[in-house]
Enquirer: 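So that we are looking at the same thing, I have put the structure below in structure tokens.
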Amino acid sequence: MGFADQRFNVNLSILFTELPLLERPAAAAAAGFTAVELWWPWVDSPTPEQSELDALKKAIEDAGVQLTGLNFYAGQLPGPDRGALSIPGEESEKFRANIDVAIAFAQSLGCTTFNALYGNRVEGVDPAEQDALALENLVLAAEAVGRIGGTVLIEALNQPESPKCPLVSAPKAIEIVDKVNEATGLGNAKFLMDLYHLSMNGEDLPSVIEQYAAKTGHVQIADNPGRGAPGTGSLPLEELLDQLKKAGYDGWVGLEYKAGDRPSAEAFGWLPREARAAR
């Protein structure tokens, strides 16, 4: 097995960011990839002008790549925010306003997988109130995504880099996945297993894979320390992905790492070019 047996996509919100958004899909294609994923690209607007949506759709189509994952609106990302759906007031309303817009855009490109980032704790707000709001919004999202046969992902972040986020362990994210599925009866909430975040938390990655592979809807990778490409740190990513595959995971593996002080096109030397195209 090994890296050549995986299906990789490139996250265009962390790689190729030295280029304007509309040039990134073609850059990923030029590097040999045929699938991409995105954080919500319009950090200031959950409902951008249709012309902006159309321009990005055209860039993706013209590049000949497949969109395989999209984040719902999550506030300033990258930046101080870690999601919007548990934040009372304006941010929660923005998340709700974004649901149908994000789904329509993604569906127009054949994408049915959506990451719903939970959000930080807010000073002066009861955590129980935030959790109730989060569940309400996640149920809305799961039901809307369910109408197109799609999946909502719940991601665990890491405590050192996201100290105000309550979802900083695999078990906590799985708890939310189970609550959403129990509330909707749809079973379309899944775990986003980001091996970098989990390793930053000091979690036992082989154990996490063993316990939660069946509830995992997407995997993302970066090496640790440094959040760089595989081989720049000490994580045994090839072995971990092999274990995931043996445990039954056959989905996408998102490349969500930093290129460092070089152009993104030079950050894929660890992966033979013939292994970059989706199979």
Side-chain angles (χ1 to χ4, degrees), residues 3-17 19 21-42 53 55-74 77 98-99 101-117 141-142 144-155 177 188-197 213 215-222 229-230 237 241 244-245 248-257 264 267-268 271 273-279:
F3 286 139
D5 291 308
Q6 306 296 334
R7 288 197 299 159
F8 293 106
N9 64 38
V10 176
N11 189 304
L12 296 181
S13 299
I14 193 168
L15 284 158
F16 296 108
T17 54
L19 300 173
L21 175 64
L22 298 184
E23 295 178 19
R24 296 176 204 169
F33 292 94
T34 55
V36 299
E37 64 182 32
L38 282 162
W39 302 341
W40 184 247
W42 298 277
L53 293 160
L56 181 55
K57 180 175 185 285
K58 184 176 187 301
I60 291 171
E61 290 175 333
D62 287 352
V65 294
Q66 179 184 354
L67 181 69
T68 58
L70 180 67
N71 282 23
F72 286 119
Y73 170 81
L77 191 72
N98 175 247
I99 291 174
V101 176
I103 290 173
F105 173 76
Q107 189 182 19
S108 75
L109 289 161
C111 172
T112 58
T113 301
F114 301 85
N115 186 13
L117 285 169
V145 168
R147 291 193 279 274
I148 64 165
T151 303
V152 170
L153 301 171
I154 312 295
E155 181 176 8
V177 167
N188 67 335
K190 299 282 187 178
F191 178 40
L192 196 169
M193 185 185 291
D194 185 309
L195 295 176
Y196 167 75
H197 287 313
K215 293 185 176 184
T216 298
H218 186 46
V219 172
Q220 292 174 333
I221 63 168
L237 289 167
L241 293 179
L244 265 161
K245 203 167 188 68
Y249 179 76
D250 62 355
W252 295 97
V253 177
L255 304 181
E256 199 186 48
Y257 60 79
S264 294
F268 303 108
L271 184 63
R273 191 175 180 90
E274 61 271 17
R276 299 177 191 178
R279 293 168 302 287

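Just so you know, these numbers come straight off a predicted model, no measurement behind them.
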Enquirer: So which of T216, I154, L153 actually passes side-chain contact (heavy atoms from CB on, under 4.5 Å) with V177?
Expert: I154
Enquirer: Could you check whether any side-chain N or O of R276 sits under 3.5 Å from a backbone N or O of F8, counting only pairs where one atom can act as donor and the other as acceptor?
Expert: no
Enquirer: Answer whether the closest heavy-atom distance between the side chains of L244 and V253 falls below 4.5 Å.
Expert: no
Enquirer: With no hydrogens and no angle check, is any side-chain donor or acceptor of T34 less than 3.5 Å from a backbone partner on A277?
Expert: no
Enquirer: Within a strict 4.5 Å, meaning less than it, do heavy atoms of the N115 and W39 side chains meet?
Expert: no
Enquirer: Find the distance between CZ (R273) and CZ (F268) and round it off to the nearest 0.5 Å.
Expert: 10.5 Å
Enquirer: Run the side-chain contact (heavy atoms from CB on, under 4.5 Å) check on L22 and L56 step by step: do they pass?
Expert: CA-CA 6 Å; L22 298 184; L56 181 55; 4.1 Å; yes
Enquirer: Answer whether the closest heavy-atom distance between the side chains of V101 and L53 falls below 4.5 Å.
Expert: yes
Enquirer: For residues V65 and I60, determine if any side-chain heavy atom of one lies less than 4.5 Å from a side-chain heavy atom of the other.
Expert: yes
Enquirer: Please name the pair of heavy atoms, one in G254 and one in N9, separated by the smallest distance, quoted to 0.1 Å.
Expert: CA-OD1, 3.0 Å
Enquirer: Just by modelled atom types, is the D5 backbone N or O under 3.5 Å from a matching donor or acceptor in the K245 side chain?
Expert: yes
Enquirer: Checking side-chain contact (heavy atoms from CB on, under 4.5 Å) for the pair L241/Y249: CA distance, chi angles, key distance, verdict?
Expert: CA-CA 9 Å; L241 293 179; Y249 179 76; over 6 Å; no
Enquirer: With rounding to the nearest 0.5 Å, note down the distance linking CD in E61 to CG in L67.
Expert: 10.5 Å
Enquirer: At what distance, to the nearest 0.5 angstrom, does NE2 of H197 lie from CD of E256?
Expert: 6.0 Å
Enquirer: Quick check: closest heavy atoms across T17 and S264, and the distance to 0.1 Å?
Expert: N-OG, 4.4 Å
Enquirer: Distance check, rounded to the nearest 0.5 Å: L70 atom CG versus S13 atom OG?
Expert: 8.5 Å
Enquirer: Can you list the steps and then say if I103 with F72 is a side-chain contact (heavy atoms from CB on, under 4.5 Å)?
Expert: CA-CA 9 Å; I103 290 173; F72 286 119; 4.2 Å; yes
Enquirer: Can you find a heavy atom in the side chain of Y257 that is under 4.5 Å from one in the side chain of I14?
Expert: no
Enquirer: On a heavy-atom basis, which atom in A27 and which in L19 lie closest, and how many Å separate them?
Expert: CB-CD1, 3.5 Å
Enquirer: With heavy-atom distances below 4.5 Å as the criterion, would you say the side chains of L271 and F33 are in contact?
Expert: yes
Enquirer: May I ask you to decide if W252's main-chain N or O and H218's side chain share a donor-acceptor pair within less than 3.5 Å?
Expert: yes
Enquirer: Might you point out which heavy atoms bring L255 and L15 nearest each other, and give the distance in Å?
Expert: O-CD1, 3.5 Å
Enquirer: Please report the closest heavy-atom contact between A229 and A267, naming both atoms and the distance.
Expert: CB-O, 3.8 Å
Enquirer: Taking all atoms of both residues into account, what is the closest heavy-atom pair of P41 and L21, and its distance?
Expert: CB-CD2, 3.7 Å
Enquirer: Below 4.5 Å, heavy atoms only, C-beta onward: do Y196 and Q220 meet side chain to side chain?
Expert: no
Enquirer: Given side chains that start at C-beta, do those of V36 and P25 come closer than 4.5 Å, heavy atoms only?
Expert: no
